[in-house]
Number of protein chains: 2
Amino acid sequence: MNLKELARKLDLSPTTVSRALNGYPEVNEATRERVAAAAKRYNYKPNTRAIRLATGRAMAMGHVIPVATRHEIVNPVFADFIAGAGEVYSRNGYDMLLSVVPDDSEERAYRELKSRGTVDGVIVHAPRMNDPRIALLTEMQIPFVVHGRATGAAHPYSWVDVNNRRAFQRATEFLLDLGHRRIGLMNGLEFMDFAIRRRKGFEEALAARGLTPDPAIMVSEEMTESAGYRVGLAMLALPQRPTAIIASSMIMGLGLRRAIEERGLRMGRDVSVIIHDDELSYMRNGDDLPIFTATRSSVREAGRQAADMLIGLITGRLASPCEMLLEAELIIGQSTGPCPH
Amino acid sequence: MNLKELARKLDLSPTTVSRALNGYPEVNEATRERVAAAAKRYNYKPNTRAIRLATGRAMAMGHVIPVATRHEIVNPVFADFIAGAGEVYSRNGYDMLLSVVPDDSEERAYRELKSRGTVDGVIVHAPRMNDPRIALLTEMQIPFVVHGRATGAAHPYSWVDVNNRRAFQRATEFLLDLGHRRIGLMNGLEFMDFAIRRRKGFEEALAARGLTPDPAIMVSEEMTESAGYRVGLAMLALPQRPTAIIASSMIMGLGLRRAIEERGLRMGRDVSVIIHDDELSYMRNGDDLPIFTATRSSVREAGRQAADMLIGLITGRLASPCEMLLEAELIIGQSTGPCPH
DNA sequence: AATCACATTCAAACCGCTTTGAATGGCTTC
DNA sequence: GAAGCCATTCAAAGCGGTTTGAATGTGATT
C-alpha cells in the first residue's frame, strides 16, 4: 500500500493525502479525518526510502565506532549509551545507524556518511585530548554532539558530559572529611579526556586542604578487573599504604576489592573505596543498597540527552554550540568509613 | 556532485555512467575507465537515498533491541556481537540499523521496519524458548538470522549459535576427569535458550558417568557479579559443598571467586571453577594466561558469522534454513585442579 | 550493396514520496 | 453582477539514482 494507491481509494490526489497525513493546515478537517482513517485501515506507512529522497533528510543519526585493529576494545559504556540515545531517536522518528570501522579509516567513514547523505548528524564517542574529529566534522559541516569533551579543541562544539572533575573532587573531599589523608587514585588511561578531568578534580580537592598528591599512589591504567587487582595489590604493598582509594570504574573497583580482601583487609574498614559508577545495566553497584560508595551518573541518561541535543541542533530548536554538564551524585555505600586512627 | 552532473562532464548519459560504475558488461572498457577516473576525481559518491528508492533495497540490516521497561537490561554481550556484525556489514556496503524499543512493542517495531522498508533483514538477539519472534518474522517474510536458537520453534529458521550443550558437557567431563564428583552449576536464567542447553550438557556429562545431578547445587540466576557471589556463598556453606563449580559467565565467575576467597578457600585448589568466556573485549579472562579455565567462544566472531549469513540469505548466495554451530574451545587456566582427595 | 549480429550508448520511465504553483468553487464585498 | 478572497484540491515537477527498450554505429556475412 503506497501513497498513490491510498489516494485512489480515497478519490483524492496524492498531494492532499500527503498533506493530510503530515498535518499541513490547508486540508479540510473532514478530509483529514477520512484520510487518517483510511491510512489506519489499510495500514499505510509511508516508505522511508522515498521520504528520504524527497526531503533530502536522512532521518537517521550516525554513531561511528572505531574498532582498534590492535586492541579490539569496544567501549563498555557504549551499549548503555546507545540504549539511551536509541530511545530518543525512536520517539522522534529517527533511525540509529552504527558504523563499525577500523580506527585508521574513521575519517573516511565520516566523509562517506556525509557525501552519501546517509545521516543527518553524528555523535562522537570517547573524545581524546585534541581530538581531530572535532575539527573534521566542523569543517565538513556535519551536525554533531560529543559525548564528553575534548580539551584543546580549537573550534567550539556541542557536547554532553558528566562533571568528572567535580565528581572526583567531591569523592576526594568526602574521604578527606572522613579523616583520610593518604588517598590513592586508580584512574583510567589519561589520554582519555574524562580521565584527565578526574585527576584534576582529585588533585584540586587535595590541594584545597594543603595536601600534595603522591605520585606513588596515582596510577593510570586500563579500566579492567585485572588492572584494578594488580594496581590495588601494588598500592597496598607500599610501606605507607593508602587508607582510601578512588577507582575510575565499577569493574576496576571489583579488582581492587579482590586485592584488598586478598591482603586480609576489609574494604570499608581498613581501606575505603569510592568508585565511579556509570550505572551500566549489566554491572549494577548492588541490587538494593550499593556495594560501593560511588559517584554515580547514568550513561544511559547521557545518551538520551546527547540524542535530544543532536535532534535539537538539526531541527533548529537549539543553537549551535550547545553544552550540557551532568552532575554526578555521591552515593554512600558500604565501602567507605572513617580513617583507621 | 551527482550522477547527472558527472554524466554531463563526461559527455555521456547518466545511464552509461551508472552502468560503468556498477560494473555492467555492456560498457566499453575505455569508457568505464574514463568514468571511473572522473568519479574519483570529482569525488562522486552515489546518493544512498536515491539508490535505495530506485532499487527497492534498503542496504541496511536491522537489530531490534528490546529494552525491558522494568529490568532495563542491556545484554552485555551485545556490544561485542554488534562490533563483529558491523565489520561485515561495512565490508559489504550495508548499514547497521539499531532500533531500541520498549519490549512490549517489539512486534510493532518489526512491522514498521517491514512496511517502511527500512531494512533488508534483521538479526534476532537473545532468543527464548518458543520465541514468538521467529513465527512473526517468518510470517512477515523478513529475512532473518537468530543469534542462538529457540527450542520449540515451529518453523525452520536460520541461526548461528555456540554449541552450548557440548561446551558444558566438555567442561563437566574435564572436571570429572580431575576426580570431581560434586560439581555445582551456576547457570543463567533458564528461560534463555542457551541456559537450557548448558544445563543439558552438564547433566548429560554427569549421567554418562552414572552420576545424578544434585538440585541443591544447580542454580539459575541473573549473570551478575553479586549473584555469583551470593550463590557461591550459599553453595559453599552447604554441609556437602561442591568441589567444583561451573559458572555461566565471566562476570558471575568473578563473584564466585570472591565468595570462595571470602570463605578462606583457594580457587583452583580447594574449589575448581570453570566459566564460559564470551571473550568480551572489556572483560578479558586474564591478559596473558587465563585466570579461569573456560569454555571460550568469541561473541564477536558469532556476530561476524551471523551478519555474513544474513547477507548470504538476502543475496541468494545461501539457501534459507541455514545453520551454523560454533564450537567452544576449552581453555585451561589456573582455576581448576584435581579434586582435593 | 543489403543484411545481420553485436557492441555501445541513450532517452525515458520508474521508485514513492514532497512541494511548488496553479486551478476550482463558494462566499463576500462593493 | 463582477471582483476579490479564501479554503481546498490538484497536476506536475522534482529528489538522484536504476532499468527497460530503443537507437546508433560498426564490421562481418552473404
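Order of the sequence lines sets the chain letters (A, B, ...), proteins ahead of strands, with each chain counted from 1. None of these values were measured; they are calculated from a predicted model. We use all heavy atoms of the structure for the numbers below, so side chains are in, but hydrogens, waters and symmetry mates are not.
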Per-nucleotide protein contact along nucleotides 15-22 of chain C, 5' to 3', at a 4.0 Å heavy-atom cut-off (B base, S sugar-phosphate only, - neither), is BBBBBBB-
Protein-nucleotide distance ([X], atom [atom1]; [N], atom [atom2]), rounded to Å:
| X | N | atom1 | atom2 | value |
| --- | --- | --- | --- | --- |
| A:L10 | D:dC10 | CG | P | 10 Å |
| B:R57 | D:dG16 | CZ | P | 20 Å |
| A:E29 | D:dT9 | CD | P | 11 Å |
| B:R8 | D:dG16 | CZ | P | 12 Å |
| B:N28 | C:dC6 | CG | P | 18 Å |

Subject >> Stepwise salt bridge (charged side-chain N to carboxylate O under 4.0 Å, His left out) test for B:R34 and B:D11 >> reply: CA-CA 11 Å; B:R34 209 157 61 85; B:D11 248 319; over 6 Å; no
- Task: Measure the acute angle between the ring planes of A:F144 and A:Y157, then classify it against the limits of 30° and 60° as parallel, tilted or perpendicular.
- Result: parallel
If only side-chain N and O atoms count, and only distance matters, is there a donor-acceptor pair under 3.5 Å linking B:S13 with B:T16? yes
Side chain to side chain donor-acceptor pair (under 3.5 Å) pairs touching residues 143-155 of chain A, sequence neighbours excluded, are A:R149-A:D161, A:T151-A:D193, A:T151-A:R197
In terms of side-chain geometry, is the basic nitrogen of A:R8 or A:E5 positioned less than 4.0 Å from the acidic oxygen of its partner?
-> no
Separation between CZ (A:R111) and NZ (B:K45), nearest 0.5 Å, reads 10.0 Å
